[in-house]
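Remarks on the structure that follows.
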Amino acid sequence: DESKLTSVQKKKLEKLKTEQSFLGYEDPPRARLKIANDDRPKISLWAVLKSLIGKDMTRMTLPVSFNECTSLLQRCAEDMEYTSVLDKAVTIEDSLERLAYVGAFAASEYASTIDRIAKPFNPLLGETYEYARPDKGFRFFIEQVSHHPPISAAMAESPFWDYYGESAVKSKFNGRSFDINPLGVWFLNLRPSNGKIVEETYSWKKVTSSVVGIIVGNPVVDNYGEMVIQNHITNEKCVLKFKSRGWTNANSYEIKGNVYDKNGESVWTIGGRWNDKLYAKRTDGSGSKKLLWQVNPRPEGIPFNLTPFAVTLNALTENLERQVARTDTRLRPDQRAMEEARYDDAAQEKNRVEEKQRTTKKQRDAQGEVYGPKWFEKSIHPITGDEYWKVKNHYWLERAKGELIKNSPDIF
Ligand code: CLR
C-alpha cells in the first residue's frame with residue numbers, strides 16, 4: 001500500500017520505478033537447473049590440497065571440478081535470500097527490537113554455506129552482476145573492482161533499505177583447514193515505517209568461514225567469530241557470537257547474542273543456529289520468545305547443493321539478455337558450461353577468459369594506463385567514517401537509457 005509509505009520510502013520507490021529496475025525480470029525465477037544431478041568427477045580434496053599448504057585461494061590453480069556454477073559476485077548476491085527479515089525490521093516500532101531483526105539478517109547469510117564445499121568462480125576484473133526481484137521489491141548490483149587482491153563492491157536497494165559494502169576475502173590453507181577471512185565492512189540504511197527516524201545506518205563485518213575436516217575426508221563449512229552490528233544513529237549494538245564446531249561438534253552452528261541499549265545493558269537475548277532458526281527473548285524474562293528468522297528448505301535433486309535462491313541467480317532469459325551489461329556473470333561462458341555439466345568446455349573457456357584478462361592487463365600496463373572501476377569509487381562513509389565504495393556511475397540509470405550494452409567492455 002503506497003499511501004502508507006514514509007516520504008523517504010516513497011522517494012526510493014519512485015527511483016526504482018523510473019529507472020525501470022525490473023525490466024527484464026518478467027519471467028518467474030527459475031526453480032531448477034538444466035541438469036538434475038551434479039555428476040562432477042569426485043576427487044579427494046586432501047589429495048589436491050596437500051601440496052598447497054600456506055597458499056591462498058587466488059594463488060591456487062585447482063581443477064574446474066572443484067568449482068560450483070556460481071561466481072563470488074553471485075555468492076554475495078546470496079546475501080539477499082532473506083531480505084524479508086529486513087522488510088520485517090522496518091515495521092518494528094522499537095529500535096532495539098528492530099536491531100534484533102537486523103542481526104538476524106546479518107546471520108542469515110551463513111545458511112547458504114551448508115553442504116557447499118566448492119569454489120565459486122573468481123570474477124574477472126570489471127565483471128558485474130545485477131539481480132532484481134519485482135516480487136520482493138529490491139535490486140542488487142555488484143562489480144569486481146580489483147583483481148589482485150580480489151575485491152568486489154556491492155549496492156542493493158529497496159524502498160525500505162539499502163545494503164552495500166565491500167567483499168574482499170583473505171584466504172589461506174594452513175594444512176588442516178581452509179580459512180576465509182572477510183575484510184570489508186557492510187552497511188545497511190534502514191528507513192523505519194514509524195517515520196520517527198528517517199533513516200538509520202548500521203554496519204558490521206562478516207565472520208570467518210572455514211572448510212574443516214579436509215584430512216579426514218569429510219569436509220564441512222564452519223562459520224565462527226563475533227559479529228558486532230552497530231546502529232550508528234542510536235548507538236545501540238547487537239553482538240552475535242558464532243561458535244566454532246570444536247572437537248566434539250557439540251557447538252555446531254550455534255549462535256548466542258545480545259542486543260544492548262546505548263548504556264550497554266542487554267535488552268534482548270538472541271539464540272539459535274545459523275543453519276536453522278534464530279530467536280529473541282527479552283533479557284529480563286518478560287514477554288514471549290520471538291522467531292526472528294528461519295532457513296528455507298533445500299530442494300532435492302539440485303546440483304551443487306544450491307539453495308532455492310541460488311538456483312535463480314544465473315538464469316538467462318531472453319528478456320534479461322536484452323537488458324544486462326555484457327560484463328554480467330550470466331554471460332560468462334565457462335560458468336555457463338559448468339552449469340550445464342560441460343566440464344571440458346568449462347575448463348577450456350576458463351583458461352581462455354583468464355588468458356584474455358592477462359593480455360588486456362599487459363596492454364594496459366604497456367600504455368601506462370591505471371585501471372579504475374567503472375561503477376564505484378573509494379570514499380569515506382559520511383556517517384561511520386569507514387572507507388567504503390560509493391556509487392560513481394549509475395548502472396541502473398544507464399540501463400534504463402539503453403546505453404549499458406553498447407558501452408560494455410568485452411571481457412569474456
Ligand atoms: C559466506 C557468506 C558471506 C560471503 C562469503 C564469502 C566467501 C565464501 C563464503 C561466503 C562461503 C565459503 C566459500 C567462501 C569463498 C570460498 C569458500 C564459498 C559465501 C569455499 C567453501 C572454499 C572451497 C575450497 C576449495 C578448495 C574446494 O556472506
Side-chain angles (χ1 to χ4, degrees), residues 38 40-83 104-123 129 140 142 144 149-154 156 163-188 204-215 217-225 227 229 240 242 253 255 274-275 295 304-307 309-310 313 338:
D38 156 21
R40 272 174 304 168
K42 299 261 178 300
I43 316 171
S44 146
L45 205 52
W46 173 240
V48 174
L49 286 184
K50 64 184 175 198
S51 61
L52 299 172
I53 294 176
K55 290 217 176 181
D56 77 52
M57 213 167 33
T58 64
R59 306 283 171 192
M60 291 178 170
T61 22
L62 295 172
V64 80
S65 52
F66 281 85
N67 281 44
E68 60 171 28
C69 59
T70 68
S71 71
L72 261 177
L73 301 182
Q74 292 170 325
R75 288 298 299 244
C76 287
E78 286 191 47
D79 286 359
M80 313 316 293
E81 180 165 2
Y82 298 100
T83 53
F105 169 75
S108 76
E109 300 176 351
Y110 292 91
S112 69
T113 64
I114 295 285
D115 289 335
R116 302 270 296 275
I117 315 290
K119 198 171 162 286
F121 280 77
N122 198 9
Y129 179 70
F140 172 93
I142 184 164
Q144 189 72 0
I151 301 174
S152 351
Y163 173 67
Y164 50 105
E166 172 182 281
S167 163
V169 294
K170 210 175 91 188
S171 62
K172 191 169 178 159
F173 178 54
N174 63 26
R176 260 167 35 86
S177 61
F178 192 97
D179 301 325
I180 300 108
N181 283 306
L183 307 171
V185 183
W186 289 82
F187 304 88
L188 176 75
W204 64 88
K205 279 185 171 176
K206 298 188 183 217
V207 298
T208 300
S209 302
S210 182
V211 183
V212 299
I214 296 170
I215 301 177
N218 179 28
V220 291
V221 178
D222 194 14
N223 298 294
Y224 60 88
M227 200 181 232
I229 300 123
L240 297 178
F242 289 62
Y253 319 115
I255 293 181
W274 51 261
N275 67 336
V295 72
F304 309 104
N305 290 317
L306 299 183
T307 65
F309 186 81
L313 297 176
M338 190 75 190

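When a ligand or atom number is given, it counts from 1 through the structure's own listing order. Computed from a predicted model, the values in this text were never measured in an experiment.
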Requested in this report: Could you tell me whether the side chain of Y110 and the main chain of V207 form a donor-acceptor pair under 3.5 Å?
Outcome: yes
Query raised in the report: Taking W204 for the side chain and F187 for the main chain, is one N or O donor matched with an acceptor at less than 3.5 Å?
Result: no
**Report entry** Qualifying residue, where the test is side-chain hydrogen bond (donor to acceptor under 3.5 Å, both in side chains) with S210 and the options are D179, D222, N181
**Finding:** D179
Requested in this report: Could you point out which residue of N275, N223, T307 forms a side-chain hydrogen bond (donor to acceptor under 3.5 Å, both in side chains) with T113?
Outcome: N223
Report summary line: The side chain to side chain contact (heavy atoms under 4.5 Å, CB included) partner of Q144 among S167, P123, S71 is P123
Query raised in the report: What heavy-atom pair brings M60 and F173 nearest, and what distance separates the two atoms?
Result: CE-CB, 3.8 Å
Mind listing the N or O contacts between ligand 1 and protein, cut-off under 3.5 Å?
from, atom 1, to, atom 2, distance (Å)
ligand 1, 28 (O), D79, OD1, 3.2
ligand 1, 28 (O), K206, NZ, 2.7

